[in-house]
K.L.:
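Mind having a look at this structure? Questions to follow.
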Amino acid sequence: MEPVFAIVFGVMVAVAAYLLMSRNVLRIVLGLLVLGNAANLSIFIAGRLDSRVPPLVPEGETVLMGGANPLPQALILTAIVISFALVAFTVVLFQSAHRRLATLDADAMREAEPELQTTAGPMKSPRAEEPA
């Protein structure tokens, strides 16, 4: 079963990379969501998948034998919260940028940046030199 999870993890990372390289900010947010879920899956794969024994140490023993490792499960819970906070912050950031710039295209948002000022005068951006 672990090879199937590893293949699914690879597909999720590939989809996330594709979405993160998009120009549309909504696709970028979806890419962040998929990447967060892929990270959670990788942590889950790192723990034991075959055990159906609860993660309890028997009385009188000091080592957990044959049980599921509770550490990856705790890390996944933490990663879910962090991923949700990151996506919520990104959605609010892109929503305010959309209200201000009236576009969802990342390249059009880049053109809204002010030009650099130097002592010799304003510098032209490389995009301004492109033929129309």
Side-chain angles (χ1 to χ4, degrees):
M1 189 57 120
E2 287 181 9
V4 174
F5 281 119
I7 291 170
V8 169
F9 169 73
V11 169
M12 288 176 74
V13 169
V15 167
Y18 174 76
L19 289 172
L20 286 171
M21 290 187 284
S22 175
R23 290 183 180 180
N24 191 335
V25 293
L26 292 176
R27 287 185 181 180
I28 294 172
V29 171
L30 289 175
L32 283 174
L33 281 171
V34 172
L35 188 62
N37 288 329
N40 292 342
L41 183 61
S42 70
I43 295 171
F44 184 68
I45 293 170
R48 294 185 201 133
L49 297 177
D50 296 338
S51 177
R52 290 198 163 88
V53 179
L56 301 172
V57 178
E59 188 174 337
E61 303 215 8
T62 58
V63 179
L64 178 65
M65 297 300 288
N69 190 357
L71 182 62
Q73 297 169 12
L75 289 174
I76 289 173
L77 287 175
T78 305
I80 289 170
V81 172
I82 292 171
S83 174
F84 176 75
L86 176 68
V87 169
F89 174 75
T90 307
V91 166
V92 170
L93 184 69
F94 286 152
Q95 182 184 12
S96 66
H98 174 65
R99 266 192 262 139
R100 178 174 282 176
L101 303 172
T103 184
L104 289 176
D105 187 22
D107 286 340
M109 288 181 180
R110 181 177 296 140
E111 291 176 1
E113 295 177 1
E115 292 183 5
L116 296 174
Q117 297 287 333
T118 63
T119 57
M123 290 181 63
K124 293 183 180 178
S125 68
R127 293 189 157 264
E129 297 175 6
E130 294 177 2

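What you see is a predicted model; the values in this text were computed from it and never measured.
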K.L.:
I need the minimum non-hydrogen distance between I45 and A6, along with the two atoms involved.
P.N.:
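Nearest heavy atoms, I45 then A6: CD1-N, 3.9 Å.
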
K.L.:
Examine L75 and F84 and state if one hydrophobic cluster contains both, with Ile, Leu, Val, Met, Phe, Trp and Tyr joined whenever side-chain heavy atoms are less than 4.5 Å apart.
P.N.:
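Shared cluster, no.
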
K.L.:
Mind checking whether F9 and F5 sit in one hydrophobic cluster, side chains of I, L, V, M, F, W, Y counted as touching below 4.5 Å?
P.N.:
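Shared cluster, yes.
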
K.L.:
With side-chain contact (heavy atoms from CB on, under 4.5 Å) as the test, pick out the partner of L41 among V13, I76, V8.
P.N.:
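When V13, I76, V8 are each tested with L41, the side-chain contact (heavy atoms from CB on, under 4.5 Å) holds only for V8.
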
K.L.:
Using links of under 4.5 Å between side-chain heavy atoms of ILVMFWY residues, direct or through other members, which residues join V81 in one cluster?
P.N.:
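Reading the cluster by chain and number, V81 sits alone, since nothing else belongs.
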
K.L.:
From the options L26, V29, L86, select the one residue that forms a side-chain contact (heavy atoms from CB on, under 4.5 Å) with V91.
P.N.:
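Single pass found, and it is V29.
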
K.L.:
Could you pull out all donor-acceptor pairs under 3.5 Å where a side-chain atom in residues 92-99 meets a protein atom, sequence neighbours excluded?
P.N.:
from : atom 1 : to   : atom 2 : distance (Å)
S96  : OG     : V92  : O      : 3.4
S96  : OG     : L93  : O      : 2.9
H98  : ND1    : T103 : O      : 3.4

K.L.:
If you compare all heavy atoms of S83 against all heavy atoms of G36, which two are closest, and at what distance to 0.1 Å?
P.N.:
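Closest approach of S83 to G36, heavy atoms only: OG-CA, 3.9 Å.
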
K.L.:
Which residues pass the side chain to side chain contact (heavy atoms under 4.5 Å, CB included) test with L30, not counting sequence neighbours?
P.N.:
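By the side chain to side chain contact (heavy atoms under 4.5 Å, CB included) rule, L30 matches L19, L33.
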
K.L.:
Return the minimal non-hydrogen interatomic distance between R27 and S22, and the atom names on each side.
P.N.:
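Closest heavy-atom pair between R27 and S22: CD-OG, 3.2 Å.
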
K.L.:
Which pair of heavy atoms, one from G31 and one from A16, lies closest together, and at what distance?
P.N.:
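Heavy-atom minimum between the residues: O-CB, 3.6 Å.
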
K.L.:
Check the hydrophobic clustering (I, L, V, M, F, W, Y; side-chain heavy atoms under 4.5 Å; chains of links allowed) and say if L20 and Y18 are grouped together.
P.N.:
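Yes: a chain of side-chain contacts under 4.5 Å links L20 to Y18.
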
